[in-house]
2 protein chains.
Amino acid sequence: MADGRMMAPHSGESLLFLTDEHLRQGIEAMFFAYRGFTADPDRILADMAYGRAHHRAIHFINRAPGTTVNNLLNILGVTKQSLNRVLRTLIADGLVQSRVGRNDKRERHLYLTDEGRALEQELSDAQRARMRLAFRTAGPEAVAGFRTVLEAMMDPEMRESFDRLRDSCP
Amino acid sequence: MADGRMMAPHSGESLLFLTDEHLRQGIEAMFFAYRGFTADPDRILADMAYGRAHHRAIHFINRAPGTTVNNLLNILGVTKQSLNRVLRTLIADGLVQSRVGRNDKRERHLYLTDEGRALEQELSDAQRARMRLAFRTAGPEAVAGFRTVLEAMMDPEMRESFDRLRDSCP
DNA sequence: TTGGAATGTCAACAACGCTGACATAAACTG
DNA sequence: CAGTTTATGTCAGCGTTGTTGACATTCCAA
């Protein structure tokens, strides 16, 4: 099977970081880091009737107010039925407002209410605090490398969503 | 609320990468990259009756053969009841073998069978291939930064698990 | 105007987190 | 050494969130 250790001699010292052992460490680092990444919002949400799916919806509605259900679907990469359940509770609880489209009445445009924005703030503050500490600890060059590798790890469509969101905010 | 933009003037140019906008990009990068990270194994597992939880169990049993249920629990960060359901199916399907402890008969030591090792190989090959491509695209310095930031993002206990696993393999 | 495509909603099911109750084995205590 | 406490693992049941299937509404094009 594809063994990184086998190819190192061909490629010289500069590719030693591609041994299977290094790749496995990268894989495990992703696993453990993602747990930390979601830990703080998860703790906040556990007290309410919400979960990680609600957080994601709230995050991206805040990021792109007026977005449609379909658009949100593509960003989140779940089925509309799954998203719909989450949106239903958020709307019922008054965190999200859904407005029928002006031009196309099939579409629903989504906005956070004041209450929704407040929860979004609370969640992002917690998540940003951890990210800020990690970034500060690691330093600017490490952060640049972090972002480069993450972008290279995305599927092309996700990469597009990511770039589009990035470009939409100055 | 904690606004990175507000603190930039205090800290000078070297901390500009800590603005809320940069942090949010880091957060979204984690989200999209993790989707890519799990996409390939998920595709393989979807055809079987297994999911991501089975992959994680198989991965760490392979990494530390003979580990106990309790030990696996601490690494995976789930409840033993949740892990037990996964292990039960893996044992029933002959991918994992569970042996009663010699010294302490309460413990169960876990090993992959040949069949289990085969699935592990298939899953890691897919995941490593993506990681290898990302690492190669990004280059060694970016990879170093990637690992530095991820380690800084972990909770201390996860960081310990990560280090212990890393040190256990030369 | 009618048939198909797009959008969103409702219903039911599977994977996988969780808590609670329990059996067994080990360890401690009087 | 008997009785209690602690540790480990198993079984049962529930909640969140993913899935597919069926359907209503709206738009658009033949």
Side-chain angles (χ1 to χ4, degrees), chain A residues 31 34-35 38-39 41-61 66-93 96-111, chain B residues 31 34-35 38-39 41-61 66-93 96-111:
Chain A
F31 170 69
Y34 197 79
R35 287 247 304 280
T38 58
D42 282 358
R43 250 188 300 276
I44 295 172
L45 290 161
D47 296 336
M48 328 186 180
Y50 298 141
R52 212 174 282 177
H54 299 84
H55 180 196
R56 292 197 279 259
I58 288 176
H59 174 98
F60 286 107
I61 293 174
T67 188
T68 62
V69 173
N70 208 21
N71 184 21
L72 204 49
L73 239 50
N74 295 325
I75 291 175
L76 294 175
V78 297
T79 59
K80 57 184 175 179
Q81 295 87 335
S82 184
L83 174 59
N84 185 49
R85 187 196 307 113
V86 169
L87 286 178
R88 207 188 314 163
T89 69
L90 289 174
I91 292 170
D93 295 350
V96 167
Q97 194 189 4
S98 161
R99 298 186 203 153
V100 173
R102 299 174 74 89
N103 302 337
D104 190 334
K105 288 181 191 163
R106 294 171 302 181
E107 294 180 340
R108 301 295 132 91
H109 297 273
L110 303 169
Y111 302 87
Chain B
F31 170 70
Y34 197 78
R35 287 247 306 278
T38 56
D42 281 358
R43 249 189 301 276
I44 295 172
L45 291 161
D47 296 336
M48 327 185 180
Y50 298 143
R52 212 173 283 177
H54 299 82
H55 180 196
R56 292 198 279 258
I58 288 175
H59 174 98
F60 286 107
I61 293 173
T67 188
T68 63
V69 173
N70 208 20
N71 185 19
L72 204 49
L73 238 50
N74 294 327
I75 292 175
L76 294 174
V78 298
T79 59
K80 56 183 175 180
Q81 296 88 335
S82 185
L83 175 59
N84 184 252
R85 188 197 305 116
V86 169
L87 286 178
R88 206 188 316 163
T89 68
L90 289 174
I91 291 169
D93 295 351
V96 168
Q97 193 189 3
S98 162
R99 299 185 204 153
V100 174
R102 300 175 73 89
N103 302 337
D104 190 333
K105 288 182 194 164
R106 293 171 304 181
E107 295 179 340
R108 301 295 132 91
H109 297 274
L110 303 169
Y111 301 87

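Order of the sequence lines sets the chain letters (A, B, ...), proteins ahead of strands, with each chain counted from 1.
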Show every donor-acceptor pair shorter than 3.5 Å between a side-chain atom in residues 71-80 of chain A and any protein atom, with sequence neighbours excluded, or say none if there are none.
unit_1: Asn71(A); atom_1: ND2; unit_2: Thr67(A); atom_2: OG1; d: 2.7
unit_1: Asn74(A); atom_1: ND2; unit_2: Asn70(A); atom_2: O; d: 3.4
unit_1: Thr79(A); atom_1: OG1; unit_2: Ser82(A); atom_2: N; d: 3.4

For [N], does OP1 or OP2 lie under 4.0 Å from any side-chain N or O of [X]?
X	N	answer
Arg102(B)	dA25(C)	no
Asn84(A)	dT9(C)	yes
Arg56(B)	dG17(C)	yes
Thr79(A)	dT19(D)	yes

Could you check which of [options] has an atom nearest any side-chain atom of [X]?
X	options	result
Thr68(A)	dA5(C), dA25(C), dG8(C)	dG8(C)
His54(A)	dT17(D), dT8(D), dT7(C)	dT17(D)
Arg106(A)	dA6(C), dG18(D), dC10(C)	dA6(C)
Asn70(A)	dC10(C), dT7(C), dT8(D)	dT7(C)
Ser82(A)	dA26(C), dA15(C), dG18(D)	dG18(D)
Arg52(B)	dA25(C), dC16(C), dG8(C)	dC16(C)

Legend entry - Residues in side-chain contact (heavy atoms from CB on, under 4.5 Å) contact with His54(B), at least two apart in sequence or another chain: Tyr50(B), Val86(B), Thr89(B), Leu90(B)
Inset, instruction - May I ask you to verify whether the side chain of Arg85(A) and the base of dG18(D) hold a donor-acceptor pair under 3.5 Å? - result: yes
Legend entry - Heavy-atom donor-acceptor pair, Gln81(A) side-chain to dG21(D) base, under 3.5 Å: yes
Touch class at under 4.0 angstrom, heavy-atom based, for [X] against every strand present:
X	result
Asp42(A)	nothing
Asn71(A)	nothing
Lys80(A)	base

Inset, instruction - May I ask you to decide if the ring planes of Phe31(B) and Phe60(A) are parallel, tilted or perpendicular, using 30° and 60° as cut-offs? - result: tilted
Inset, instruction - Using heavy atoms to find the nearest nucleotide of DNA chain D for Asn103(A) and Gly77(A) separately, return the residue whose nucleotide is more 5′. - result: Gly77(A)
Inset, instruction - Could you tell me whether the side chain of Asn84(A) reaches within less than 4.5 Å of the side chain of Gln81(A), counting heavy atoms only? - result: no
